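Input: a single structure, listed below in structure tokens.
None of these values were measured; they are calculated from a predicted model. Both backbone and side-chain heavy atoms feed into the values below; hydrogens, waters and symmetry mates do not.
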Amino acid sequence: MAADSSSSQFFGLFNAGAPIVAALLLIVTAIPTPVYADDADSLAGAIGVLTDHRRVPGLDDGPAADYIAGRLEEYGYDVQQETFAVETDAGPATTRNVVGIKEGSGPGIVVVCAHYDVDGPDCPGADDNAAGVAVMLEVARALRTEPLNRSVCFIAFSGEEVGLLGSADWLERHANLREEIVAAVNLDCVARGDELHIDTLPQYRWMLDAVPESPAIKTGPGLGGDHQRFWERHIPAALITDTSGYTLRQTRNDTPETLNLSLAASCTEAVTGMVRTLAAADDTTPPAVEGSVDEDGTIRYAVSGPSITHLIVDGTDFGVLASGQVTLPAGPHAVRVVAYDAAGNRGILDLEADVPDTGRDAPGSGHQPGGISIPWKRTEEEREKYGMREYGTLFVPLSYDYPGEAEAGTRVDGYVDGIRITGLEEGHVVVYAPGSHRYEVVAAAAGTVVGYDEDTFLVKRMYDSPGAYYIRDNSVQEEPIRKDPLPLVPVACVVAASLLAVGYLFSRSIVSRRR
């Protein structure tokens, strides 16, 4: 950080005859000066304040949480701090989420979130994720006086680095709000490199229409983060992140000097516009959804107006599929048809179906694997050695490999726990309910099966066994923790004054000798 104006005033006290003192003062000005409240009301200032604190949950994250809460209170938000437990290698501890709430005039909630914790005591966490928090605070400042139809919650999550703990706690604590949340925008690593990506599931791609046009933001893959906790609960969410990768993240070198603040500023403008569009929508009429389940188990529906529609069957979100594309097996099923318009209004149709057993053959009846394959399937040898494949995430694509060139008219159908998806697209993403699942894929041409494969696997919620923060025997942790940067000011002043006195006595000594 550059020296402040008070440092430059010291140089005016010296004449050309005191080079040694001037050199000593250069050492003084190298002492990092703190960011004052007036200076902190900006992206650079907020990042400076946050990186000044190490932000390890349960250890030294209190000052950072207080700073975030203070900024939100300053902007007039109703601020709540919610405490939850975390594990460290030094024992159990507590940390907190910081929530700033702006009440809207109507129903619905838009969430803007960013985690403020770091991977360890020796990680400054400038891009990961002081920058995300700083952008969130700037968006909060921009929207503080605007009347909005939907409420906005600005949330600084803790515990993200060891299992997305803060977002999980907040969603469990406020489970009653699940149906109220229109969308969540997660900011994670938004200030390094020259490009940002926004990532979401296909069923939530309507959120992309709310993003203002910006050359800095493109649609693309992102990393894991707190937004996935929303996906697990079938809540629309998107991640905005930079494309810098992990070269500096979670290292000592993730410092403010390595950031591209113009990229963070572009992110601020885009997210402000996105939230403004979602929260200021004056048309809150959801799409009308009508539908039924045929006797053979085929789900059919119709939706009023342009919308993106997806199906949730027995707790598994099958994603965006057309009416008539999904057929249920025999037995009872709970079906939800969800339709979103461009403003995030959600139309829901819940159906209960009890499909009769008509004696239809199971998909794999009489077929041996071959002609088509599931790429991530374990071999028999791997199954014997490692057992059933387990996924630590609910988001598993229905992938398949079709060798060679498919015959004209070949159709591929997928089956998840016996639920048929006609005309399955390779890589189709499904958000599974936790538990064991069976996936089968069938290729047929001219009514004849020309390929078949199957697999069973287990899916779990992310981080069912969260990690622990490592804070013992850390070289940085052996240093005294400076919780408040302000003491540096009197220290620097005392050192400067001492050097002035030394310089004065030194110059007097030279003069007396010359006499």
Side-chain angles (χ1 to χ4, degrees), residues 109-113 160 164 167-168 171 178-188 196-211 217-241 243 270-271 274-275 277-278 286-287 289 299 301 303 306-322 325-326 335-348 376 391-399 414 416 419 421 424-434 437 439 459-463:
I109 299 170
V110 177
V111 173
V112 183
C113 58
E160 190 268 358
L164 316 181
S167 49
L171 285 164
R178 185 176 304 181
E179 297 294 330
E180 293 292 320
I181 299 174
V182 175
V185 182
N186 183 33
L187 307 170
D188 199 347
L196 294 168
H197 277 179
I198 181 167
D199 181 37
T200 191
L201 294 177
Q203 50 266 53
Y204 307 136
R205 67 177 183 266
W206 55 268
M207 293 180 63
L208 305 182
D209 294 335
V211 183
I217 298 184
K218 299 180 180 179
T219 303
L223 71 164
D226 288 311
H227 56 287
Q228 293 181 310
R229 288 298 190 192
F230 292 83
W231 289 351
E232 284 183 334
R233 292 157 176 81
H234 309 309
I235 299 173
L239 165 72
I240 297 182
T241 186
T243 57
V271 175
M274 185 179 185
V275 175
T277 298
L278 292 172
V289 185
I299 302 172
Y301 63 85
V303 181
S307 63
I308 292 177
T309 308
H310 61 109
L311 301 175
I312 301 174
V313 181
D314 300 332
T316 289
D317 188 340
F318 282 81
V320 180
L321 295 168
Q325 196 174 355
V326 174
V335 177
R336 170 168 279 197
V337 185
V338 187
Y340 292 97
D341 65 15
N345 297 310
R346 176 173 50 192
I348 297 175
W376 34 261
Y391 291 94
T393 174
L394 304 183
F395 323 112
V396 182
L398 300 181
S399 300
V416 176
I419 300 170
I421 304 173
L424 176 66
E425 181 181 350
E426 199 281 326
H428 183 85
V429 177
V430 168
V431 183
Y432 286 91
H437 295 277
Y439 169 45
V459 295
K460 303 177 180 179
R461 286 197 183 277
M462 292 179 296
Y463 303 107

*What do you reckon, is CD of Gln325 surrounded by more than 12 foreign heavy atoms closer than 6.0 Å?*
yes
_Where Thr241 and Asp188 come nearest, the two heavy atoms and their spacing_ = OG1-O, 2.8 Å
_For His310 and Tyr340, take the angle between the two ring planes, folded into 0 to 90°, and tell me which bin it lands in: parallel under 30, tilted 30 to 60, perpendicular over 60._
parallel
*Which distance, rounded to the nearest 0.5 Å, do you find between the CE of Met207 and the CG of Asp199?*
11.0 Å
*Heavy-atom closest pair, residues Ala433 and Gly315*: CB-O, 3.6 Å
*Supply the atom-to-atom distance Ile419 CD1 to Asp314 CG, rounded to the nearest 0.5 angstrom.*
5.5 Å
*Output, in order, the C-alpha distance, side-chain angles, deciding distance and verdict of side chain to side chain contact (heavy atoms under 4.5 Å, CB included) for Arg205 and Val320.*
CA-CA 10 Å; Arg205 67 177 183 266; Val320 180; 4.1 Å; yes
_To the nearest 0.5 Å, what is the distance between OG1 on Thr309 and CG on Asp341?_
10.5 Å
_Which heavy atom of Cys113 sits nearest to which heavy atom of Phe230, and what is that distance?_
SG-CE1, 4.5 Å
_How close do Ala270 and Ile217 get, counting heavy atoms only, and between which atoms?_
CB-CD1, 3.2 Å
*For the side-chain contact (heavy atoms from CB on, under 4.5 Å) test, which of Arg178, Arg229, Glu232 pairs with Leu171?*
Arg229
*Taking the inter-plane angle between the rings of Tyr432 and His437 on a 0 to 90° scale, is it parallel (under 30°), tilted (30 to 60°) or perpendicular (over 60°)?*
tilted
*Under the 3.5 angstrom rule, does the side chain of His428 hit a backbone N or O of Phe318 as a donor-acceptor pair?*
yes
*Hey, are the side chains of Glu179 and Ile348 touching, using non-hydrogen atoms and a 4.5 Å cut-off?*
yes
*Indicate the atoms forming the closest heavy-atom contact of Arg346 with Pro287, along with that distance.*
C-CD, 4.1 Å
*Is a side-chain N or O of Thr393 found less than 3.5 angstrom from the main chain of Phe395, in a donor-acceptor match?*
yes
_How long is the straight-line distance from OH of Tyr439 back to CG of Leu424, given to the nearest 0.5 Å?_
5.0 Å
*asked:* Can you classify the ring geometry of Tyr391 versus Trp376 as parallel (below 30°), tilted (30 to 60°) or perpendicular (above 60°)?
replied: perpendicular
*Measure the CG-CG distance between Asp226 and Leu187 for me, rounded to the nearest 0.5 Å.*
10.5 Å
*Walk me through it: do Tyr204 and Ile308 pass the test side chain to side chain contact (heavy atoms under 4.5 Å, CB included)?*
CA-CA 8 Å; Tyr204 307 136; Ile308 292 177; over 6 Å; no
*Which heavy-atom pair separates Trp206 from Pro236 by the least distance, and what is that distance?*
CZ2-CB, 3.6 Å
*Which is it for Val416 and Val313 under the side chain to side chain contact (heavy atoms under 4.5 Å, CB included) test, yes or no, and what are the steps along the way?*
CA-CA 10 Å; Val416 176; Val313 181; over 6 Å; no
_Residue from Thr316, Val430, Val431, Asp317 passing side-chain contact (heavy atoms from CB on, under 4.5 Å) with Leu394_ = Val431
*asked:* Let me confirm one number: the CG-NZ distance from Leu196 to Lys218, rounded to the nearest 0.5 Å.
replied: 11.0 Å
